[in-house]
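A quick write-up on the structure given underneath.
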Amino acid sequence: MNVRLLYFARLREVFATGQETPELPPGIQTLADLLDWLRQRGGVWAEELAAGRAYRVAINQDLIEQDAVLHENDEIALFPPVTGG
Amino acid sequence: MNVRLLYFARLREVFATGQETPELPPGIQTLADLLDWLRQRGGVWAEELAAGRAYRVAINQDLIEQDAVLHENDEIALFPPVTGG
Amino acid sequence: MKIAVQSEAFDLNAEVAALHQANPKVGAVVSFLGLVRDINEGQGVSTLSLEHYPGMTEKALAQIVEDARQRWEVLDATVIHRVGALQPTEPIVLVAVASGHRGDAFVACEFIMDYLKTRAPFWKKEATAEGEHWVDARESDDRAAARWGGSGK
Amino acid sequence: MKIAVQSEAFDLNAEVAALHQANPKVGAVVSFLGLVRDINEGQGVSTLSLEHYPGMTEKALAQIVEDARQRWEVLDATVIHRVGALQPTEPIVLVAVASGHRGDAFVACEFIMDYLKTRAPFWKKEATAEGEHWVDARESDDRAAARWGGSGK
């Protein structure tokens with residue numbers, strides 16, 4: 001499955017990239033699977049996405065509050081809690 | 001005691017006057033006395049100032065919510081509930 | 001603090017800018033603009049005439065703003081109320097409150113409006129093709145003011 | 001309904017006029033103006049940079065306004081959020097709500113701001129003489145949004 005990953009603000013800086021379009025291994029079906037897969041990269045990935053860290057996830061530009069099944073070509077964004085206004 | 005009486009809005013129209021400066025009879029010491037004295041004029045005065053009618057009183061430009069002792073040269077205004085804003 | 005009773009229109013941009021441009025501590029300005037509604041639903045043009053009690057009006061508005069300052073963080077505030085003849089869609093009243101934080105600005109602005117509606121001596125008369133009448137005070141305004149803990153009368 | 005994300009300043013007069021001038025049913029316009037505060041208390045000039053998530057930002061703001069319309073009488077509304085580099089005292093955000101009655105206008109405007117603060121993808125970075133840092137999200141904003149019954153996240 002191919003997805004588009006976006007990173008914003010502090011996460012964009014820490015991950016040193018604003019986006020990537022990985023081909024996910026077959027076992028990755030849900031958001032929780034994807035986050036595990038990213039954490040396995042180690043380093044800042046394991047650190048920033050660790051349980052208890054404050055970050056937000058949007059799938060196809062909607063904020064996601066719990067696990068969700070992923071689909072081909074989903075746009076998945078990871079970012080810090082928002083601070084606009 | 002001399003006081004200045006002001007009437008506004010609908011009361012000004014119904015009383016057909018915007019102000020008067022009566023010399024009050026000696027027995028009139030409080031706002032309640034003054035209102036009784038005005039009611040004794042009968043007609044629209046008795047009607048508009050009857051118990052249960054909605055009107056407001058300000059003494060020296062402060063809204064008054066209960067009886068008050070009057071003083072020489074007080075400015076006493078009677079008017080309908082306000083409708084600004 | 002600026003309190004004004006005037007027949008002229010006012011400039012919202014200028015009034016809001018005056019509340020915050022010189023003070024970098026201001027993080028929020030909440031403004032209320034009250035407008036003449038066409039309450040006849042198109043049945044002939046209506047004109048609203050606003051009468052007030054000169055002297056008491058300014059005093060009452062200043063007291064209301066002072067009450068708000070005692071309760072919340074109000075860095076600055078402006079109240080402008082128009083009098084005289086006004087047409088539908090014209091502004092009647094502006095209440096603008098500057099604060100460091102939005103919560104204080106919102107609550108203080110609404111408090112000032114609720115008290116203005118029940119304690120500031122203005123009266124509206126409406127003129128339509130059918131004639132003139134004084135606008136009645138609304139119970140809902142008394143209730144709105146009463147929730148702040150005052151008598152609201 | 002107008003939703004805009006832009007680097008340019010906006011004209012408060014024009015935005016508020018657009019909400020009410022053509023609609024005589026509008027009796028109240030409540031506006032919130034958010035400004036860059038000088039949080040360094042004079043210790044060197046700071047610049048705020050606002051990053052956002054293009055596409056999602058507009059979608060999130062439109063959804064927040066729609067949520068407000070479901071709850072209260074909102075005749076029209078405008079949300080403008082600036083991005084890019086901003087200096088202290090400059091406006092960041094405008095939320096303006098037009099309604100027949102002031103209560104609805106006040107509550108809808110505050111609701112939109114509270115949700116914008118916690119659900120619209122904007123991020124602030126502050127630059128001072130000492131360097132740059134991302135502004136932390138505030139618990140108080142989560143609490144403000146949560147009181148409306150949503151998750152506020």
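Just so you know, these numbers come straight off a predicted model, no measurement behind them. Per chain, numbering begins at 1; letters A, B, ... match sequence-line order.
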task: Could you have a look at A:Arg12, A:Glu75, A:Arg10 and say which one has the most heavy-atom pairs with chain D under 4.5 angstrom?
output: A:Arg10
- prompt: Hey, mind stepping through D:Glu73 and D:Lys25 against salt bridge (charged side-chain N to carboxylate O under 4.0 Å, His left out) and telling me if it holds?
  reply: CA-CA 11 Å; D:Glu73 186 208 52; D:Lys25 289 186 177 154; over 6 Å; no
- prompt: For A:Asp36 and A:Gln40, does a side-chain donor sit closer than 3.5 Å to a side-chain acceptor?
  reply: no
- prompt: Side chain, backbone, both or neither: which part of D:Lys124 has a heavy atom under 4.5 Å from chain A?
  reply: both
field: Among D:Ala60, D:Gly55, D:Gly34, residue most engaged with chain A (heavy-atom pairs, under 4.5 Å)
entry: D:Gly55
query: Hey, is CD on D:Glu8 packed in by over 12 heavy atoms from elsewhere, all under 6.0 Å?
result: yes
- prompt: Would you say A:Gln66 has more than 12 foreign heavy atoms packed within less than 6.0 Å of its CD?
  reply: no
